[in-house]
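Because only heavy atoms are used, hydrogens play no part in the values below, and waters and symmetry mates are left out as well, while side chains stay in.
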Amino acid sequence: AELTDFKVLSGKQLVARDINGKSDPYYVIGLCDDSGKFVGPAPLKSDYVNATLEPVWLHSNAKRKASLSASLPIGQATGIRIEIWDYDRIGSDEFMGETTVFFKDFRSDYKTQYWTLSLEPRNQNRKKR
């Protein structure tokens, strides 16, 4: 089986990580196993959106949208994991949250599906990417 198209459109009500009360969010997206650990091809990283808590990646001028749209082989993967990070020019980027969608939850009778996903704190059983 192959995943033909999975895109992150936008974020809503993200947490502020910068002193200006905003964040510079980007996402990392990749295939994952049952535990949520990234597997298969290296996860893809989007460009960040400057100073916002409501980023829109799909319609932004960002060069990298990092959508899983290249018919990736699923292999041992059972889902898709998305992490949201705050880009920092100085110091380390800050984790904002993550979510996972499992293939078993996809509806096979729909070609296009839209999901609203909530971010969770880091799974303590899994190491940083």
*Asks:* Look only at the side chain of N20 and the backbone of K22, and say whether a donor-acceptor pair between them is shorter than 3.5 Å.
*Replies:* yes

*Asks:* Taking all atoms of both residues into account, what is the closest heavy-atom pair of D18 and S23, and its distance?
*Replies:* OD2-CA, 3.6 Å

*Asks:* Looking only at heavy atoms, what is the nearest atom pair of K45 and Y26, with distance?
*Replies:* CE-CE1, 3.4 Å

*Asks:* Out of curiosity, does L44 fall in the hydrophobic cluster containing F103 (side-chain heavy atoms, cut-off under 4.5 Å, transitive links)?
*Replies:* yes

*Asks:* Should E94 and D88 be marked as a side-chain contact (heavy atoms from CB on, under 4.5 Å) after you check the CA-CA gap, both sets of side-chain angles, and the distance that decides it?
*Replies:* CA-CA 8 Å; E94 297 172 89; D88 286 326; 3.0 Å; yes

*Asks:* Do the side chains of V15 and L117 join up, straight or via other hydrophobic residues, at under 4.5 Å, putting them in one cluster?
*Replies:* yes

*Asks:* If you measure from OG1 on T78 to NZ on K104, what distance do you get to the nearest 0.5 Å?
*Replies:* 8.5 Å

*Asks:* Determine the minimum heavy-atom distance between C32 and I80, stating which atoms define it.
*Replies:* SG-N, 3.7 Å

*Asks:* Contact between L14 and L119 at the side-chain level, heavy atoms closer than 4.5 Å - yes or no?
*Replies:* yes

*Asks:* Could you tell me which non-hydrogen atom of L53 sits nearest to which non-hydrogen atom of G21, and how far apart they are?
*Replies:* CD1-O, 3.7 Å

*Asks:* Under the rule for side-chain hydrogen bond (donor to acceptor under 3.5 Å, both in side chains), what residues qualify as partners of D33, not counting sequence neighbours?
*Replies:* S35

*Asks:* Taking the side chain as C-beta and beyond, is there a heavy-atom pair between V56 and L9 under 4.5 Å?
*Replies:* no

*Asks:* Within the distance-only criterion (no hydrogens, no angle test), does the side chain of D24 pair as donor or acceptor with the backbone N or O of D86 below 3.5 angstrom?
*Replies:* no

*Asks:* Looking at residues at least two apart in the chain, or sitting in another chain, which of them share a ring-ring contact (aromatic ring centres under 6.0 Å, His included) with Y87?
*Replies:* Y48

*Asks:* Do any N or O atoms from the side chain of E54 and from the backbone of Q13 form a donor-acceptor pair under 3.5 angstrom?
*Replies:* yes

*Asks:* So, for I84 and W57, which heavy atoms are closest and what is the spacing to 0.1 Å?
*Replies:* CD1-CH2, 4.1 Å

*Asks:* Does D93 use its side chain to pair, donor to acceptor, with the backbone of W85 at less than 3.5 Å?
*Replies:* no

*Asks:* Looking at side-chain heavy atoms only, is the closest gap between L31 and P41 below 4.5 Å?
*Replies:* yes

*Asks:* I29 versus P43: any side-chain heavy-atom pair under 4.5 Å?
*Replies:* no

*Asks:* With sequence neighbours excluded, what pairs up with N50 under the side-chain hydrogen bond (donor to acceptor under 3.5 Å, both in side chains) test?
*Replies:* none

